[in-house]
Amino acid sequence: MADPRETPAMQQYYRFKRAHPGCVLMFRIGDFYEMFDEDAVAVSKAIGLTLTQRTEGMPMCGVPFHQLETYLRRLILAGFRVAVCEQLADASQVKGLVPRGVMRVVTPGTAVDESLLASDAVNTLAAVIFTQGGDDSPASLAIVEVSTGDFKIVDCSAAQLIDELARRGTRELLYADTGTGSGPPPRVRRLLDSLGISGTARPSWQFRLSEASESLREHFAVKSFAGFGLREDEPAVQVAGAIVRYLRETQTLNEEDAKAVENFTAGRATLKHLRPPRREDTTNTCIIDAVSLRSLEIERTIRPVGLGGGKRRGEGAKEIPGDGSLLGIFIGSGCCRTGMGQRLLREYLCRPLRDVEAIKQRQRCVHLLVEERVLAGHVVEWLDKVQDVMRIAGRISMARATPRDLVGIAHSIHAAHEVSRVLEGAAAFASLRGKLAGACERSKHFADAIVKGCVENPPPHLREGGLFKDGVDAELDECRGLQRDAGQWLSEYQAQLMSQYNLPSLKVGYNSVFGYYIELPAAQAKSAPPELVRKQTLKNAERFTTPQLREYEGKVMSAQQRGLDRERAMFNELCAMGAKLLDEIGVIGEEIATLDVLSGFAEKAVKRSWKCPEMVNEQVLRIDNGRHPVLEEALGNEFVPNDVMLGSDEAAPLALITGPNMAGKSTYIRQTALIAILAHTGSFVPADRATVGVVDRVFTRIGADDALHAGQSTFMVEMIETANILNHATPRSLVVLDEVGRGTSTLDGLSLAWAIVEHLASQGPRTLFATHYHELTDLEERLAGKVKNLHVSVREWIGGSSQGDGEEGGEAHSELVFLHRILPGKSDQSYGLHVARLAGIPRSVVSRGREVLASLAVQHTGVGFSIGTQSGATDSTVEARASVEHVNGESNGNASLQSSRKGRLSTTGIAEPVAKGSKRKEQLSLFTEFVPHPAVDALREVKIEALSPMQAFDTLRRLKELASDD
Ligand code: ADP
Ligand code: MG
């Protein structure tokens with residue numbers, strides 16, 4: 001027998017398979033999309049399809065054509081790339097091999113179908129090129145959101161690269177193939193791994209300037225790139241060109257295949273909705289790096305209850321709308337109503353503005369909607385009726401629109417028009433309204449045509465028709481008439497046969513597989529007249545047909561097919577009309593999204609009594625009665641508001657916050673960062689009053705205590721992130737540090753935290769530093785005017801009577817009450833023992849702890865804590881290295897060394913006795929040794945220089961014995 005792989009159809013299959021390496025090929029055969037060979041095996045395993053064999057030795061599996069979207073979704077989620085190969089002609093009309101073509105390649109970064117996209121999340125494709133060799137080379141990025149046609153160019157440093165890709169929802173990254181066959185180059189591999197996205201290698205010539213320019217010129221039909229704000233010869237052109245070429249190759253039918261079929265009616269993707277590349281300017285935005293986005297839980301939460309670093313308390317805790325992220329409180333509560341608005345809001349929150357005037361413009365709009373509630377009500381009402389026109393426009397351009405898309409876009413254009421009417425006369429919205437009204441005006445004829453022609457509730461797809469109303473097209477009406485009359489004809493025919501043959505149980509019916517039939521119960525079938533031709537045998541019945549019935553069937557069927565073809569043609573006409581209006585629809589989408597976000601801000605402001613922050617160009621941050629925007633949703637009035645005052649004439653720019661665990665330190669510093677960020681988006685903020693000096697960058701570092709992915713937050717990570725802050729914070733930045741220095745030994749951690757505070761105080765960014773190192777509070781005095789102490793007040797109850805803030809209640813009955821109130825000054829103790837008791841640590845352990853604490857306190861006051869300040873210790877300064885290596889022999893000592901050095905921070909040695917007059921022994925005992933031990937004494941006596949290896953081993957053995965004696 002001939003090789004099953006040699007048939008013409010399989011030859012055709014392999015041609016497409018070769019043209020799309022790395023893709024699963026779904027090959028349309030009749031009513032199924034089939035997969036073969038390794039594809040079939042891999043897919044059946046991954047998503048549980050039944051594996052069959054086409055012929056001996058050729059594995060195959062398939063999905064019914066009408067379930068394509070469902071399976072595509074599952075395949076993409078399982079990490080596959082899928083090339084969808086269609087039949088380009090009606091198989092029954094073709095002699096021999098049916099022409100086929102790959103109409104689209106679905107990859108993680110190129111999804112456009114509604115079923116493949118979350119409405120509130122951005123899904124982008126990016127291409128990267130490094131402009132120099134070396135790991136810290138700057139990069140150029142082209143980023144396309146295929147579903148909406150958004151096309152951006154971003155130039156960034158190596159350090160920003162991950163942030164830029166993460167915050168833009170990049171799912172797939174194109175890079176130039178090095179041709180070594182060993183996968184992506186290391187710096188690309190690292191990006192892919194840390195973002196967890198898929199990489200797509202493209203031939204490196206596609207990134208060459210000449211080829212890339214050509215593809216860009218051709219697609220946008222331009223001679224020069226000046227209009228895009230690009231020079232002719234810059235790296236941006238290379239990535240932009242490469243990405244356009246990739247999209248054309250994967251998302252549009254290739255010319256050769258297209259030529260094979262002239263009258264192919266299914267519509268071809270055009271990519272016309274792709275807007276010209278636009279360079280994004282990062283100097284205009286307040287930069288929030290990826291670490292901060294994550295740890296402040298701006299767009300998603302890290303843990304299910306990710307609030308303030310502790311568990312949510314309180315009996316009557318309400319449900320928090322959304323997922324507990326900042327974005328979630330707008331989306332979950334319905335403040336932001338459209339998918340377009342939700343995606344834009346994400347962008348607003350991740351990339352807030354830096355320009356005071358631009359922020360004020362947004363504030364004016366929010367203000368107006370807060371004041372004019374009736375107007376705001378109308379806006380919301382109409383916004384609800386606007387669908388995701390941007391993505392619908394994308395699908396029209398990509399020939400993937402559905403009947404519901406068409407009707408949806410028509411209603412949306414009309415609703416958008418109403419919105420523009422509602423906004424008439426609202427000064428703050430003049431420009432938005434103007435653009436919106438213009439675009440609606442220009443696309444009205446399109447919307448009108450759809451509403452006039454299409455039914456109110458269209459079917460999800462066109463396979464069975466039913467999109468167009470009766471009476472709008474004569475040909476369609478005629479075809480439908482024939483089908484409709486069929487029922488009448490059939491019952492008449494049935495009556496006629498019944499009486500003619502005297503068979504009262506005879507029925508005439510229709511079935512989608514076998515067509516029209518005459519049915520007789522088995523008993524009567526025997527006496528069927530010979531004119532009835534046997535067609536099918538059922539369990540209790542026989543089915544027949546007649547020449548007359550067959551003729552009629554042919555007529556009806558062809559009428560049905562003609563009707564479907566006619567509807568398809570009319571649908572395509574409407575889509576073509578829409579394709580001419582993609583720009584206008586894009587404008588409608590943008591303006592509606594903006595309005596939706598601003599209206600969302602206003603709704604939130606009204607609901608939660610948020611106030612308009614005053615934006616200034618000085619380095620201040622003043623908040624009266626500020627609240628945590630997310631916790632406030634859960635706790636309502638139970639949430640204790642707090643003030644912030646940083647960097648004004650009266651207040652130092654850096655605040656140190658101390659207080660017991662669970663007191664509210666983390667909550668306080670995070671809420672401050674969130675309020676500052678909200679202020680830069682143009683939103684009102686959860687406070688009675690706020691004055692916010694413009695921030696250029698927000699930095700956060702959440703220490704090991706609040707380790708967010710348990711076990712993952714290593715000291716190394718902590719130090720890398722801190723180094724980043726020390727190296728990049730400017731006097732205009734906002735820095736939030738939570739328990740930094742916890743990831744290492746106490747002495748190490750304290751020394752670093754101390755040095756970090758000194759460094760930041762000299763740099764001058766507004767800083768909030770929550771710490772359990774009480775020793776740091778000394779810095780207020782040493783760096784007068786630059787550092788300020790705050791503490792979270794608690795009240796201690798002893799047998800029913802309360803003692804004031806900070807007083808020591810030695811009684812075992814005492815209980816802590818968290819007031820969550822931030823007050824000036826330092827807290828005297830860490831209250832760790834109280835918390836330990838609350839947590840159920842045995843009483844004996846707690847009281848032993850008290851004893852130790854008391855002995856420590858004695859030593860503490862006896863010795864004093866001797867760390868010189870940076871300025872006062874010039875002669876005795878040693879590199880931080882000394883202390884780190886001395887105390888901590890682990891390898892991560894080096895990490896702290898490097899980061900400390902980069903930041904050029906130095907402190908006087910902490911492990912070494914430096915402050916004149918203090919004794920080494922006492923210094924050490926403060927932190928490490930409060931109980932004398934013979935092993936330690938013996939260790940002190942050891943003279944390492946004089947030991948032979950054998951003696952050293954023996955000494956070690958003795959020491960271990962001593963140590964375990966106890
Ligand atoms: P810390 O960082 O000091 O250990 P957290 O900030 O993690 O404390 O707060 C612990 C818990 O206390 C939070 O999860 C929250 O439930 C509650 N809390 C914190 N601040 C407030 C506040 N201002 N009002 C009400 N409850 C608060
Ligand atoms: Mg905390």
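Start at 1 and go down the list; that is how both ligands and their atoms are numbered. Below, all heavy atoms of this structure are taken into account, side chains as well, without hydrogens, waters or symmetry copies.
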For side-chain contact (heavy atoms from CB on, under 4.5 Å), just list the numbers for Ser333 and Lys604, CA-CA rounded to whole Å, side-chain angles, deciding distance to a tenth of an Å, and then say yes or no.
CA-CA 9 Å; Ser333 61; Lys604 185 57 82 187; 3.5 Å; yes

Residue pair Asn789, Thr777: steps toward the side chain to side chain donor-acceptor pair (under 3.5 Å) verdict:
CA-CA 6 Å; Asn789 285 331; Thr777 53; 4.6 Å; no

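Considering backbone and side-chain atoms alike, Ser666 places an N or O below 3.5 Å from some N or O of ligand 1.
Under a 4.0 Å heavy-atom criterion, Pro641 is not in contact with ligand 1. Heavy-atom separations between Gly659 and ligand 1 are all 4.0 Å or longer.
For Glu618 and Arg732, the salt-bridge test fails: no basic side-chain N is under 4.0 Å from an acidic carboxylate O. With respect to the salt-bridge test (charged N to carboxylate O, under 4.0 angstrom), the residues Glu633 and Arg608 qualify. Using a 4.0 Å cut-off between charged nitrogen and carboxylate oxygen, Arg627 and Asp688 count as a salt-bridge pair.
Annotation for ligand 1: atoms under 4.0 Å from non-hydrogen atoms of Leu635 are 25 (C), 26 (N). Taking a cut-off of under 4.0 Å to the non-hydrogen atoms of Gly664, the atoms of ligand 1 that pass are 1 (P), 3 (O), 5 (P), 6 (O), 8 (O), 9 (O), 19 (C), 20 (N). Every atom of ligand 1 with a heavy atom of Pro660 under 4.0 Å away is listed here by number and element: 3 (O).
One finds the CZ atom of Arg294 at 13.0 Å from the CZ atom of Arg167 (value rounded to the nearest 0.5 Å). Atoms OG1 and CD1, on Thr672 and Ile623 in that order, are 5.0 Å from each other to the nearest 0.5 Å.
Of the listed residues (Thr658, Leu631, Asn642, Asn637), the one carrying the non-hydrogen atom nearest atom 15 (C) of ligand 1 is Leu631. Atom 20 (N) of ligand 1 has its nearest heavy-atom neighbour, among Met662, Glu739, His820, in His820. By heavy-atom distance, the residue among Leu819, Thr667, Ile669 lying nearest atom 6 (O) of ligand 1 is Thr667.
Among the backbone and side-chain atoms of Met662, no N/O/S atom is found under 2.8 Å from the Mg ion (ligand 2).
Looking at Asp738 against ligand 1, nothing comes within 4.0 Å, counting heavy atoms.
Ring orientation note: the planes of Trp610 and Phe330 are nearly perpendicular, at an angle over 60° on the 30°/60° scale.
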